[in-house]
Visitor: 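Quick one: the structure is below, and I'll ask about it shortly.
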Number of protein chains: 2
Amino acid sequence: MRLEDEIKQESFRNEFHKLAVNLIYTHSWLVSKIQAILSEFDITPQQFNILRILRGQHPSPASITLLKERMLDKMSDASRLVDRLIQKGLVERKVCTSDRRKVDVIITDKGLKLLEEIDKTNEETDSYLKNLTLNEAKKLNELLDKLRG
Amino acid sequence: MRLEDEIKQESFRNEFHKLAVNLIYTHSWLVSKIQAILSEFDITPQQFNILRILRGQHPSPASITLLKERMLDKMSDASRLVDRLIQKGLVERKVCTSDRRKVDVIITDKGLKLLEEIDKTNEETDSYLKNLTLNEAKKLNELLDKLRG
DNA sequence: GTTCAATATATGTTATAACATTTAATGTTG
DNA sequence: CAACATTAAATGTTATAACATATATTGAAC
């Protein structure tokens, strides 16, 4: 569906301006889809992302800095995110024995099991994007990579 | 630059999954650029968007509902956004005489002037996106529209 | 005209991003 | 070894999205 119709704006200054608005709008569209799926598991998209990063590291722990590097936002609130995951019993935090400034963050078995359950929704998540063919998805990825320079 | 290199992840489940992550990452990249520019005017991207919508309506007022429809996020905090713009003297809020449930939100002269100043940064804003050719930008817009269905 | 449903918006709440600051620990230099 | 610089993460703060709720007003039905 055309952006102009969806936000009821007749025109843009130019194609680049339209692109900026389109990215912002489409991001919001996508994230709300993902959020709807994840809310059934009582988890937010950002918390989910942390769990996946930790699973990728498992059984090694991850530091807060490593989590930040792997996350999609430039300066995320990783420490507080981890706090909330600890409350949910999905991760544990330990003092790092080799460097007392660091903490070791580890995913729990409960966290791993939750990810397994969520993995079962992969088909549904992908389906939202399958308005595009595989080649179109590839093209879109290439263009996004090029856009960032 | 390739997404895999930027977030230090070697692979994705499939192209569609990569696309989801790429959209989230690119959005964050873009918004931080826009934010840097707007912060010099002491305004957030969302506040800026409200001002632009109100300028488009000027001299007619806009209701909160209209603002919400025109905004890029599904369920934005329009009322509180307007509060903060009022504090900055950039908009005014009046009771709507024809329907006391509604309020009329109007941009002030100060708000209009600020937008004129910000308009001078358009070239800079566009320049971030000019890693793409015009045709590539068009293609990207088409694909994003198609993606949402 | 009265009753009830729908509507508009303000407000409450949680989670998050972003930026700043604080505090303690580690690394570097002399 | 001491002094200072750097680092890691926790914490403070503001703004926002999203969802829920509250309250007052308007519209619809009878």
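Sequence lines set the chain letters: A, B, ... in the order given, protein chains first and strands last, and positions in each chain run from 1.
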Visitor: If you find the nucleotide of DNA chain C closest to A:Arg100 and the one closest to B:Val31, which residue's nucleotide is nearer the 5' end?
Guide: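 Between the two, 5'-proximity favours B:Val31.
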Visitor: Is the phosphate of D:dA17 approached by A:Ser28 (side-chain N or O, under 4.0 Å from OP1 or OP2)?
Guide: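 It does not, given that no N or O in the side chain of A:Ser28 lies less than 4.0 Å from OP1 or OP2 of D:dA17.
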Visitor: Charged N to carboxylate O under 4.0 angstrom, A:Glu136 versus A:Lys138?
Guide: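 Not counted as a salt bridge, because no side-chain N and carboxylate O are separated by less than 4.0 Å.
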Visitor: Any N or O donor-acceptor pair under 3.5 Å from the base of C:dG27 to the side chain of A:Arg101?
Guide: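 No such pair is found, so the answer is no.
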Visitor: What integer distance in Å separates A:Asp83:CG from C:dT14:P?
Guide: 15 Å
Visitor: So, does A:Gln35 get its side chain near the phosphate of D:dA17, meaning an N or O under 4.0 Å from OP1 or OP2?
Guide: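 So the side chain of A:Gln35 is outside the cut-off, no N or O lying under 4.0 Å from OP1 or OP2 of D:dA17.
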Visitor: Among D:dA17, D:dT26, D:dA9, which nucleotide sits nearest the side chain of B:Leu81?
Guide: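 Selected nucleotide: D:dA17.
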Visitor: For a quick test of reading the model, state the closest non-hydrogen atom pair linking A:Leu66 to A:Ala62 and the distance between them.
Guide: CD2-CB, 3.8 Å
Visitor: Looking at every strand, decide which applies to B:Val103 at a 4.0 Å heavy-atom threshold: base, sugar-phosphate, or nothing.
Guide: sugar-phosphate
Visitor: Check the distance between D:dT13's P and B:Arg84's CZ and give it to me in whole angstrom.
Guide: 17 Å
Visitor: How do B:Asp99 and A:Arg93 order along DNA chain D: which one's closest nucleotide is nearer the 5' end?
Guide: A:Arg93
Visitor: Mind calculating the distance between CG (B:Leu90) and P (D:dA15) to the nearest angstrom?
Guide: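 For the pair B:Leu90 CG and D:dA15 P, the rounded distance is 13 Å.
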Visitor: Rounding to an integer number of Å, can you tell me how far A:Ile64 CD1 sits from C:dA17 C1'?
Guide: 16 Å
Visitor: For A:Arg13 and B:Asn122, which I'm curious about, is there any donor-acceptor pair between the side chains at under 3.5 Å?
Guide: yes
Visitor: Taking for each residue the nucleotide of DNA chain C with the nearest heavy atom, is it A:Cys96 or A:Pro45 whose nucleotide lies nearer the 5' end?
Guide: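 So the residue in question is A:Pro45.
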Visitor: Below the 4.0 Å mark, does D:dA18 have OP1 or OP2 next to a side-chain nitrogen or oxygen of A:Ser32?
Guide: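 No, because none of the side-chain N or O atoms of A:Ser32 sits under 4.0 Å from OP1 or OP2 of D:dA18.
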Visitor: Can a salt bridge be assigned to the pair A:Arg55 and A:Asp119 using a cut-off of 4.0 Å between side-chain N and carboxylate O?
Guide: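 Counted as a salt bridge, because a side-chain N and a carboxylate O are separated by less than 4.0 Å.
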Visitor: In whole Å, I'd like the distance from the CG atom of B:Asp77 to the P atom of D:dA20.
Guide: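 It is 15 Å, rounded to the nearest whole Å.
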Visitor: Can B:Val105 and B:Ile86 be said to form a side chain to side chain contact (heavy atoms under 4.5 Å, CB included), step by step?
Guide: CA-CA 10 Å; B:Val105 184; B:Ile86 287 168; over 6 Å; no
Visitor: Just the rounded figure in Å: distance from C1' of D:dA15 to CG of B:Leu51.
Guide: 15 Å
Visitor: Going by an N to O cut-off under 4.0 Å, is there a salt bridge joining A:Arg80 and A:Asp77?
Guide: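 Counted as a salt bridge, because a side-chain N and a carboxylate O are separated by less than 4.0 Å.
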Visitor: Where the side chain of A:Gln46 is concerned, which of C:dA17, D:dA18, D:dA9 is the nearest nucleotide?
Guide: C:dA17
Visitor: Roughly how many Å is it from CG in B:Leu67 to P in D:dT16, rounded to a whole number?
Guide: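 Atom CG in B:Leu67 sits about 13 Å away from atom P in D:dT16.
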Visitor: Taking OP1 and OP2 of C:dT14, is either one under 4.0 Å from a side-chain nitrogen or oxygen of A:Thr44?
Guide: no
Visitor: What is the distance, to the nearest angstrom, from the CG atom on B:Leu30 to the P atom on C:dA17?
Guide: 17 Å
Visitor: Look at the side chain of A:Lys102 and decide which nucleotide, out of C:dT26, D:dT26, D:dA8, has an atom nearest to it.
Guide: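 Of the options given, the side chain of A:Lys102 lies nearest D:dA8.
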Visitor: Return no unless some side-chain N or O of A:Arg80 is found under 4.0 Å from OP1 or OP2 of D:dG12.
Guide: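 Checking A:Arg80 against D:dG12: no side-chain N or O falls below 4.0 Å of OP1 or OP2.
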